[in-house]
Amino acid sequence: MDDVVVVGGGIIGAATAYFLSKEGRKVRVIERDPAYKKASFPLSLGGFRRQFFQKENINLGKFALEFISDISNTLKTKNNPNPTASMVPNGYLLLFGPEHAEEQYEALKNHKACNAGTKNIPASKLKEVFSWINPEGLETATYTDSKIEGWIDPHMFHNALKNKAIELGAKFEKGDVKKISDIKAKTIVSAAGCWTKELLDDIPVAPQKHTVFRVKCPKHYPEMPLTGDLPSGVYWRPEGKEYLAGSPNSKFDCPELEPEWDDFENLVWPALANRVPEFEQLKLTGGWAGYYDCNVLDNNAIVGKHPKYENVFLATGFTGRGLMQSPGIGRGLTELITTGKYQTIDLSCFGLDRIFAKKKRTEPYVL
Ligand SMILES: Cc1cc2nc3c(=O)[nH]c(=O)nc-3n(C[C@H](O)[C@H](O)[C@H](O)COP(=O)(O)OP(=O)(O)OC[C@H]3O[C@@H](n4cnc5c(N)ncnc54)[C@H](O)[C@@H]3O)c2cc1C
């Protein structure tokens with residue numbers, strides 16, 4: 001019998017394998033597509049932030065920075081002596097209209113309690129800090145400018161975690177797990193992302209297709225933060241000499257990952273040009289679509305032991321934030337598995353009790 005089997009070798013599986021291996025557990029990771037063609041993490045925007053409503057999500061965002069900043073030491077291996085996640089710490093800027101302002105003032109209390117370093121600015125003063133912005137229709141905004149939020153290269157980060165886990169003894173194997181009961185192990189971790197329901201049919205997580213567009217613009221702002229325009233739901237950030245922009249539109253029941261090209265002209269371009277007048281001159285240069293592991297109950301993570309099994313743990317439902325939460329979730333699950341309780345960030349609020357009781361704990365900051 002195996003010691004630990006992790007089903008799914010994506011970013012959550014790799015992070016969990018790393019932390020468990022560090023604690024001396026013998027981990028086997030089973031991944032059905034080692035090229036990760038449809039997995040969520042390589043198709044993500046790579047963003048990490050601490051600007052959330054709930055304290056646990058804020059603290060997971062803080063730990064992401066701490067962990068990623070130190071991977072040149074912690075994830076160094078013989079094969080990968082200089083691990084990097086290519087961090088771009090340009091910060092995040094979140095823009096709120098009157099309809100979201102009150103909630104945002106409440107969120108700021110949590111940011112403060114968690115010492116998140118978030119700054120609040122009224123819309124009337126936005127142009128003093130971000131000269132490119134049209135603040136029309138906005139009420140308030142929050143941002144960080146001390147290199148504590150930004151984005152990374154998801155593939156490089158995954159590679160560094162996987163390499164280190166392997167050096168510590170983990171084995172990554174190709175395989176398609178059809179039923180959780182097919183696995184014989186002391187501990188089983190389901191890290192199957194948006195496909196979790198195929199293994200655990202009582203978990204309310206579904207693949208939700210999101211489209212990202214690549215655009216170029218004669219005017220380039222390399223220092224631009226990852227900006228989320230809450231009134232339109234559009235978000236964007238620089239990518240090399242171009243920009244990436246996410247559509248607010250999402251779709252369930254899409255077996256193929258064809259981008260929703262019409263969203264560009266109908267939704268994304270108008271919203272971008274409204275907020276950054278220079279974006280009127282955008283040219284579409286590409287795009288892709290990927291699945292969010294959407295928790296359809298409350299858009300929040302589902303993490304912990306499955307109460308119906310002796311030995312099954314799971315982590316899924318991150319709804320657009322699994323990459324940034326992977327270090328904190330991998331560490332937290334390892335604490336739970338090896339000591340019976342969380343030792344650092346208390347992740348009990350993401351446990352399965354609320355799921356089966358259908359008690360929503362909605363995180364409003366979904367981009
Ligand atoms: C367009 C887009 C933008 C995003 N932007 C961000 C962002 O800026 N920041 C952020 O933090 N997050 C972002 N995300 C979300 C993030 O990518 C996901 O939350 C995260 O990747 C989830 O990690 P995971 O390991 O659970 O799932 P995945 O990365 O999907 O990995 C799951 C793996 O499990 C494997 N698997 C599934 N079932 C089985 C089985 N039965 N047997 C064997 N293997 C199996 C799959 O093949 C897959 O490789 C974004 C996602 C998308 C699509």
Side-chain angles (χ1 to χ4, degrees), residues 5-17 28-50 52 57 60-61 64 68 88 92 149-155 157-158 161-162 172-180 182-183 188-200 203 205 207-213 226 228 235-237 244-251 254 257 259-260 287-295 299-303 314-330 333 365-367:
V5 168
V6 176
V7 184
I11 197 70
I12 295 291
T16 307
R28 190 154 73 93
V29 181
I30 305 179
E31 167 57 51
R32 66 180 165 205
D33 174 23
Y36 300 109
K37 291 185 291 297
K38 286 189 171 178
S40 299
F41 79 87
L43 300 169
S44 87
L45 231 70
F48 66 92
R49 61 179 156 123
R50 67 246 331 254
F52 286 102
N57 285 326
L60 284 168
I68 296 162
V88 181
Y92 262 70
E149 297 178 306
W151 53 91
I152 56 170
D153 180 316
H155 189 70
F157 184 46
H158 177 266
L161 281 165
K162 182 176 165 184
F172 280 67
E173 294 171 9
K174 183 169 178 166
D176 190 356
V177 178
K178 298 290 181 205
K179 286 203 287 272
I180 211 85
D182 290 345
I183 308 275
I188 299 170
V189 178
S190 166
C194 64
W195 299 280
T196 298
K197 220 174 176 7
E198 293 172 18
L199 296 170
L200 299 164
I203 302 302
V205 168
Q208 185 191 38
K209 189 176 85 169
H210 283 250
T211 298
V212 174
F213 298 104
L226 197 158
Y235 55 95
W236 65 91
R237 68 163 173 84
L244 298 176
S247 173
N249 199 10
S250 61
K251 271 194 179 169
C254 295
L257 279 174
E260 295 291 320
W288 71 84
Y291 297 122
Y292 274 25
D293 46 330
C294 179
N295 173 352
N299 290 330
N300 224 337
I302 304 174
V303 183
L314 69 142
T316 185
F318 298 102
T319 321
R321 61 193 96 100
L323 177 77
M324 68 183 95
Q325 297 197 332
S326 60
I329 297 300
L333 265 184
Y365 279 82
V366 177
L367 280 179

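Indexing begins at 1, ligand by ligand and atom by atom, following the structure's order.
For ligand 1, one of its N or O atoms has an N or O atom of Phe41 under 3.5 Å away. Between Asp33 and ligand 1, no N or O atom pair is found at a separation short of 3.5 Å. The shortest N/O to N/O separation between Leu323 and ligand 1 falls below 3.5 Å. Taking any N or O of Met324, backbone or side chain, at least one lies under 3.5 Å from an N or O belonging to ligand 1. Considering backbone and side-chain atoms together, Trp195 places no N or O closer than 3.5 Å to any N or O of ligand 1. For ligand 1, the polar-atom distance check finds no N/O of Cys194 at less than 3.5 Å from any of the ligand's N/O atoms. Distances between N or O atoms of Gly320 and those of ligand 1 include at least one value under 3.5 Å. Between Pro42 and ligand 1, not a single N/O pair is under 3.5 Å apart. For Ile12, a nitrogen or oxygen atom sits less than 3.5 Å from a nitrogen or oxygen atom of ligand 1, counting backbone and side chain alike. At least one N or O atom of Ile11, backbone or side chain, sits closer than 3.5 Å to an N or O atom of ligand 1.
Looking at Thr316 and Thr196, their side chains do bring a donor and an acceptor atom within 3.5 Å of each other. No hydrogens or angles considered: a donor-acceptor pair under 3.5 Å links the side chains of Gln208 and Ser250.
The nearest heavy-atom contact from the protein to atom 28 (P) of ligand 1 is Ser40 N, 3.6 Å. The nearest protein atom to atom 7 (C) of ligand 1, hydrogens excluded, is given as Gly47 N, 3.5 Å; this is a heavy-atom distance. Of the protein's non-hydrogen atoms, the one nearest atom 14 (N) of ligand 1 is Ser44 CB, 3.5 Å. Taking atom 22 (C) of ligand 1 as the reference point, the nearest protein heavy-atom neighbour is Asp293 OD2, 3.8 Å. For atom 41 (N) of ligand 1, the closest non-hydrogen atom on the protein side is Val177 O, 2.9 Å. Here the protein heavy atom with the shortest distance to atom 44 (N) of ligand 1 is Arg32 N, 3.2 Å. In this structure, atom 31 (O) of ligand 1 lies nearest to the protein heavy atom Gly10 CA, 3.4 Å. Scanning all protein heavy atoms for the shortest distance to atom 34 (O) of ligand 1 gives Gly8 CA, 3.3 Å.
A salt bridge links Glu260 with Lys251: the distance from a Lys NZ or Arg NE/NH1/NH2 to an Asp or Glu carboxylate oxygen falls below 4.0 Å. Ion pair Arg32/Glu173 not flagged as a salt bridge, since none of the NZ, NE, NH1 or NH2 atoms sits closer than 4.0 Å to an Asp/Glu carboxylate oxygen.
Judged by the shortest distance from any of its heavy atoms, Gly246 lies outside the 4.0 Å radius around the atoms of ligand 1. The closest approach between Glu31 and ligand 1 falls below 4.0 Å for a heavy atom of the residue.
Counting heavy atoms closer than 4.0 Å to ligand 1, residue Ile30 contributes backbone atoms (N, CA, C, O) but none from C-beta onward. Of all the heavy atoms of Leu43, the ones lying under 4.0 Å from any atom of ligand 1 belong exclusively to the backbone. Contacts between Tyr36 and ligand 1 below 4.0 angstrom, taking non-hydrogen atoms only, involve the side chain exclusively. Under 4.0 Å from ligand 1, not a single heavy atom of Thr319 appears.
Of all heavy-atom pairs between Ala17 and Phe172, the closest is CB-CZ, 4.3 Å. Between Leu323 and Gly46, the closest heavy-atom pair is CD2-CA, 3.4 Å. Shown here for Arg321 and Asn57, the closest heavy-atom pair between the two residues is NH1-ND2, 4.1 Å.
Using a 4.5 Å cut-off on side-chain heavy atoms (C-beta onward), Leu244 and Trp288 make contact.
Remark: aromatic rings of His158 and Tyr36 are close, center separation under 6.0 Å.
A parallel orientation is assigned to the rings of His210 and Tyr292, their planes being inclined by less than 30° (bins at 30° and 60°).
Of the inter-residue distances, the one linking His155 atom NE2 with Ile11 atom CD1 reads 10.0 Å to the nearest 0.5 angstrom. We find the CD1-CG distance between Ile203 and Asp293 to be 12.5 Å, quoted to the nearest 0.5 Å. With rounding to the nearest 0.5 angstrom, the NZ atom of Lys38 is 5.5 Å from the CG atom of Leu257. Here the straight-line distance linking atom CG of Leu367 with atom OG1 of Thr319 works out to 12.0 Å at 0.5 Å rounding. Atoms SG and CG, on Cys294 and Asn299 in that order, are 5.5 Å from each other to the nearest 0.5 Å. The structure places CG of Asn300 at 7.0 Å from CG of Asn295, a figure rounded to the nearest 0.5 Å.
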Applying side chain to side chain contact (heavy atoms under 4.5 Å, CB included), run through Ile152 and Phe48 and close with a yes or a no. CA-CA 8 Å; Ile152 56 170; Phe48 66 92; 3.9 Å; yes
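Of all atoms in ligand 1, listed by their number and element, those nearer than 4.0 Å to a heavy atom of Gly175 are 42 (N), 43 (C). Short contacts between ligand 1 and Asp176, defined as distances under 4.0 Å to a heavy atom of the residue, involve ligand atoms 40 (C), 41 (N), 42 (N). Atom numbering of ligand 1 starts at 1 in the shown order; those under 4.0 Å from a heavy atom of Tyr291 are 53 (C). Interface atoms of ligand 1 facing Val212, defined by a heavy-atom separation under 4.0 Å, are 1 (C). Residue Phe318 has at least one heavy-atom neighbour below 4.0 Å for each of these atoms of ligand 1: 19 (O). Those atoms of ligand 1 that come under 4.0 Å of a heavy atom in Gly290, given as number and element, are 53 (C). Contact atoms of ligand 1 toward Arg321: 10 (C), 11 (O), 12 (N), 15 (C) (distance under 4.0 Å to a heavy atom of the residue).
Under a cutoff of 6.0 Å and an axis angle of 45°, Arg49 and Trp151 do not form a cation-pi pair.
For atom 32 (C) of ligand 1, the nearest non-hydrogen atom from the set Pro34, Gly46, Ala191 belongs to Ala191.
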